[in-house]
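Notes follow once the structure below has been shown.
Throughout, residue positions are numbered sequentially from 1 according to the sequence presented.
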Amino acid sequence: MDEASTSRRTVLRAGLLGAAGAAGLTACSPKQPAAGGSAAEAATGSGPGAATSRTAAASASSAPTPPKAADWAALGKDLDGLLIRPGDSRYSSARRLFQPQYDKLAPSGVVYVDGAHDVATCLAFARRHNVPVTARSGGHSYGGWSSGSGLVLDVSRLATVSAAGGGATVGAGARLIDVYTGLAGHGVTVPAGSCPTVGVTGLALGGGVGVTGRAYGLTCDNLTGAEIVTADGKTRRVSSGSDPDLFWALRGGGGGNFGVVTSLSFRTHPAAECSYAFLSWPWSKAAAVIRAWQAWAPSAPDNLWADLHLLVWADGRTQLGTTVNYLGPAHELSTQVDRLAVAPAGYTVHTRSYLETMQVMGGVLGWTEAAAHLPGSLPGQRPSGKITRESYGAKSDVFTRPLSAAGAAALVAAIERYPRTGPQGGSAGVAFDALGGAINRVRAGDTAFVHRDGLFLAQYTANYPAGVVGGSGADRSWSWLNGVWTSMRPYSSGQAYQNYIDPRLSGWEQAYYGANAARLRTVKRSYDPTGLFHFPQSVPRA
C-alpha cells in the first residue's frame, strides 16, 4: 500500500483499489455533519457577549421584519469580518459545502466572522429580521446542514493555534491539518480525526473519534473550555466551573445546537513518534478476518488503534485491509500484529513523527500545509489547495457485541451485492473503527457523548459516481446503503454516531444520544429557548 494516500475517507473512494489502507471511516467524505445542525462540522456552542452594534441595538424591541437591502448594507458595516451576498463574485464559492450535491443551497448571506462581537451582531440581525441562522466551520455536514436559506456564520477566519503549559487554544475555524501542524511545533497534540479539511469545532462538539482516541480519548474528552455566543448574544466562556451544563452538552451534543463557538481550549498530549502498517487479505477471507479483527483491535493495548475496511467497486473489484497505528516502536507493533488470528499477507512497519503519521492518515503525506486545504482565496481555503470535493451518502452503527458468524456472513453478502445494485462508476465500503481504551473509561453520563460501551464504530459509505449530485445515481447509492444497514439491524446496538449525521435516520435522537437526550433537551431550553439554532436533527426543546 502507498502510504502517501491513506486517508481514512480516501480509502473509501472509487479508484483507490490497491492504494493505501484507510484509517477507518472518519475522513473527508462520508461523514461529518457540519455546522448549522450537522454533527461533525458544525461550529457551534454558545458565544459572545451582548452586541453593541447598531444592528444589535435595533433588535431590542421591534417585531421581526424581513431585511431590506439597506439592512444588509448596515449589517456589513457593523462587522469586522466579511459579508458575502448573492451577486458578489465570491458568492458561488462562499456558499459551497464539501459535498457538491449541496451546491444548490443558496443562503441569503455568508459572514466570515472575525470574532465573538461579529457573531453577536449577526444573531441580533437574525432575531430582528427572523432570518434563519446556521453555523459553519469545515462544511462537512453529511446532511448539508452547514448551510441553509438564511445567514451562514462561517468561523474560518478564527483559525489560530497556540499551546502552553499542557494546554492548547484553538480558533473555532481551524481545520485538522492546521491543528496538527500548529501543535507539532510544540511537541504536543490533541486527539482528532484524519480528514485534513474537517473543522475542529464540529468534530469536537460531536465527539471526535480518531487515530489516537484509544490512547488519549475522544476530542471532546480533551476539551477543557470554550468561548461560545449563545442565542441571546452573550459571550460565555464555559468550562466545568462556568456554565457547566452547557459545557457538558458541548462535549458530544453535536454541532449547531446551542450557539456559535469561537474558540476552544484543550488538554494536550505528547506528539509521540508513531509506527504504522497496512495489512491486507484476499477477499475470500473477509468473514474470517472480520471475526479475528473484532476479537483483537478493541481489546488491544491503548497505544494501538486499527480500522478494518471492506471496499467494493461497481465493476466487481474488492479490497480487504486494515490500517494499524501504534504510539511506540515498530517491534512492539509487530508483536501486536502477530496476535491476529488470521495472519495478513506480508507487510512493512513504518516509523514516522506524529505529524507525518497524521499526514499519512489524511492522505496528504509530502504535501505542504497549504496544499492540504480546499483551493480558493476565501477564509479556510488556500490558493494552492489540492483537496477535492466529493458527494456521497453514509450511515453508521455502534457495535457493542461482536458480530457472530452469521452477522459477518450477512455483512459480506451485503457488500457483494453492490456491483449488481449500485450505480455504474460508483464505489462503496464499510469501515470499522476500534473503540475501547480511554474512550470507554469515561462514564456515559459524564459528557453528552453517550457511546461508551462500544467495541467498534461502523460507517457504511456509498460514493456517488463522478459528477453525480442526485438522480438515479444517488438513489441507487442510498438503496444499497439502506440494504447493508438493514442487514446489520439484528447485530448492532441501535446507536449511531452523531458526527456521521444521517438525514434519513428515524429515531435519531435516541440513536445519537441515548440516556443523555433528556438532559440535552433541558440545556437546549435554557440556552436557546426560542429555537434560533434549528435544523432537521437539532436537539429538541421539548
Show your working on side chain to side chain contact (heavy atoms under 4.5 Å, CB included) between H373 and R175 and close with a plain yes or no.
CA-CA 8 Å; H373 289 77; R175 307 304 198 251; 4.1 Å; yes
Could you walk me through whether Y354 and T212 satisfy the side chain to side chain donor-acceptor pair (under 3.5 Å) test, starting with their C-alpha distance in whole Å, then the side-chain angles of each, then the deciding distance to 0.1 Å, before giving a yes or no?
CA-CA 10 Å; Y354 189 92; T212 56; 3.3 Å; yes
Nearest 0.5 Å, please: how far is [atom2] in [Y] from [atom1] in [X]?
X    : Y    : atom1 : atom2 : result
R401 : Y491 : CZ    : OH    : 9.0 Å
T262 : R157 : OG1   : CZ    : 14.0 Å
T322 : W293 : OG1   : CH2   : 7.0 Å
F533 : S538 : CZ    : OG    : 11.0 Å
K395 : R504 : NZ    : CZ    : 8.0 Å
E390 : Q101 : CD    : CD    : 11.5 Å

Between the side chains of [X] and [Y], does any donor sit under 3.5 Å from an acceptor?
X    : Y    : value
D453 : T400 : no
Q381 : S93  : yes
Q99  : Y464 : no

Any side-chain heavy-atom pair of [X] and [Y] under 4.5 Å:
X    : Y    : result
F258 : V539 : yes
V110 : L378 : no
L218 : F449 : yes
D397 : W485 : yes
I387 : V364 : yes
T230 : D528 : no
V170 : F266 : yes
M488 : V430 : no

Test salt bridge (charged side-chain N to carboxylate O under 4.0 Å, His left out) on D103 and R389 and set out the steps.
CA-CA 11 Å; D103 281 357; R389 301 190 304 144; 2.9 Å; yes
Not counting sequence neighbours, list each pair that qualifies as a ring-ring contact (aromatic ring centres under 6.0 Å, His included) and has a residue in residues 218-239.
none
Residue pairs passing the ring-ring contact (aromatic ring centres under 6.0 Å, His included) test where at least one lies in residues 210-230, sequence neighbours excluded:
Y216-H269
Steps toward salt bridge (charged side-chain N to carboxylate O under 4.0 Å, His left out) verdict (R441, D302)
CA-CA 11 Å; R441 285 195 290 273; D302 291 1; 2.5 Å; yes
L246 vs V523, test: side chain to side chain contact (heavy atoms under 4.5 Å, CB included). Steps then yes/no.
CA-CA 6 Å; L246 179 56; V523 176; 4.2 Å; yes
Sequence neighbours left out, what passes side-chain contact (heavy atoms from CB on, under 4.5 Å) with A159? Give chain and number order.
A174
Under a 4.0 Å threshold between the charged nitrogen and the carboxylate oxygen, would D433 count as salt-bridged to R214?
no
Could you name each residue pair satisfying side-chain hydrogen bond (donor to acceptor under 3.5 Å, both in side chains) that touches residues 242-255, not counting sequence neighbours?
D243-Y527, D245-R519
Audit row: D154, V111, side chain to side chain contact (heavy atoms under 4.5 Å, CB included) steps and yes/no
CA-CA 6 Å; D154 190 295; V111 175; over 6 Å; no
Residues in ring pair (Phe, Tyr, Trp, His ring centres under 6.0 Å) contact with F399, at least two apart in sequence or another chain
F456
Within residues 201-210 or reaching into it, pairs that qualify as salt bridge (charged side-chain N to carboxylate O under 4.0 Å, His left out) - sequence neighbours excluded:
none
Stepwise side chain to side chain contact (heavy atoms under 4.5 Å, CB included) check, V209 with L457:
CA-CA 9 Å; V209 173; L457 170 66; 4.2 Å; yes
Within a 6.0 Å radius of atom CZ on R443, are there more than 12 heavy atoms belonging to other residues, nucleotides or ligands?
no
